[in-house]
Amino acid sequence: MTEEKTESPYQRIYTLVKQIPPGYVCSYGCLGQKVGCTARTVGFALSALPARNDVPWQRIVNSKGMISPRADGGSNLLQRDLLEIEGVCFDGTNRIDLNAHGWSFP
DNA sequence: TTGTTGACTCTGA
DNA sequence: CTCAGAGCCAACA
């Protein structure tokens with residue numbers, strides 16, 4: 001609890017996301033405020049994540065509670081699938097109930 | 001060094 | 001309710 005300075009906001013974002021328990025989700029802006037950056041920086045940080053990592057990026061969605069159409073392929077569908085497996089439920093428009101699954105950091 | 005881009009958010013119509 | 005435009009921060013060439 002003393003050596004924390006040269007770490008870029010990216011590293012902080014990853015650390016916060018790792019602290020999110022399964023069955024819960026968080027928005028970009030929420031993480032952005034924790035690291036002191038904007039939502040764009042958070043999204044950019046997750047976009048730089050490797051295919052295999054210890055960061056549950058799937059638990060990160062936009063303010064609307066919807067999965068961002070990041071890029072073609074199916075990662076968005078994969079993200080929704082992973083969330084459903086973890087216990088997150090979607091409404092009739094691919095939206096997550098942030099009031100029930102919205103996670104808040106201590 | 002500057003300029004461009006990006007998984008966003010907000011406000012207005 | 002939905003659609004569109006502008007703003008913000010950080011990394012890369």
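Residue numbers begin at 1 in each chain, while the letters A, B, ... track the order of the sequences. Computed from a prediction, not measured in an experiment: that's the story for all the values here.
If you take CG of Leu46(A) and P of dA7(B), they are 11 Å apart, rounded to a whole angstrom. For the pair Leu31(A) CG and dC8(C) C1', the computed distance is 16 Å after rounding to whole Å. A straight line from CG of Asn62(A) to P of dT2(C) spans 13 Å, rounded to a whole angstrom.
Nucleic acid contact class of Arg95(A) (heavy atoms, under 4.0 Å, all strands): sugar-phosphate only.
Note that the CG atom of Leu16(A) and the SG atom of Cys26(A) stand 8.5 Å from one another [nearest 0.5 Å]. Between Thr38(A) atom OG1 and Phe44(A) atom CZ the span is 11.5 Å, to the nearest 0.5 Å.
The ring-ring contact (aromatic ring centres under 6.0 Å, His included) test applied to Tyr24(A) returns Trp103(A), not counting sequence neighbours. Checked against side-chain hydrogen bond (donor to acceptor under 3.5 Å, both in side chains), Asn99(A) has the following partners two or more places apart in sequence or in another chain: Asp97(A). Residues that satisfy the side-chain hydrogen bond (donor to acceptor under 3.5 Å, both in side chains) test with Asn94(A), not counting sequence neighbours, are Arg80(A).
Residue pairs meeting the ring pair (Phe, Tyr, Trp, His ring centres under 6.0 Å) criterion with at least one partner in residues 75-94 of chain A, sequence neighbours excluded, do not occur; the list is empty.
If you take atom P in dG12(B) and the same atom in dC8(C), they sit 15 Å apart, rounded to whole Å.
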Could you pull out the protein-nucleic contacts involving nucleotides 9-13 of chain C (nitrogen or oxygen on both sides, under 3.5 Å)?
from, atom 1, to, atom 2, distance (Å)
dC9(C), O4', Thr38(A), OG1, 3.1
dC9(C), O2, Thr41(A), OG1, 3.2

Atom pairs under 3.5 Å, N or O on each side, protein against nucleotides 10-13 of chain B: can you list them with distances?
none

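In this structure, Tyr10(A) and Ala45(A) approach most closely via the heavy-atom pair CE2-CA, 3.3 Å.
Counting non-hydrogen atoms of other residues, nucleotides and ligands closer than 6.0 Å to NZ of Lys18(A) gives a total above 12.
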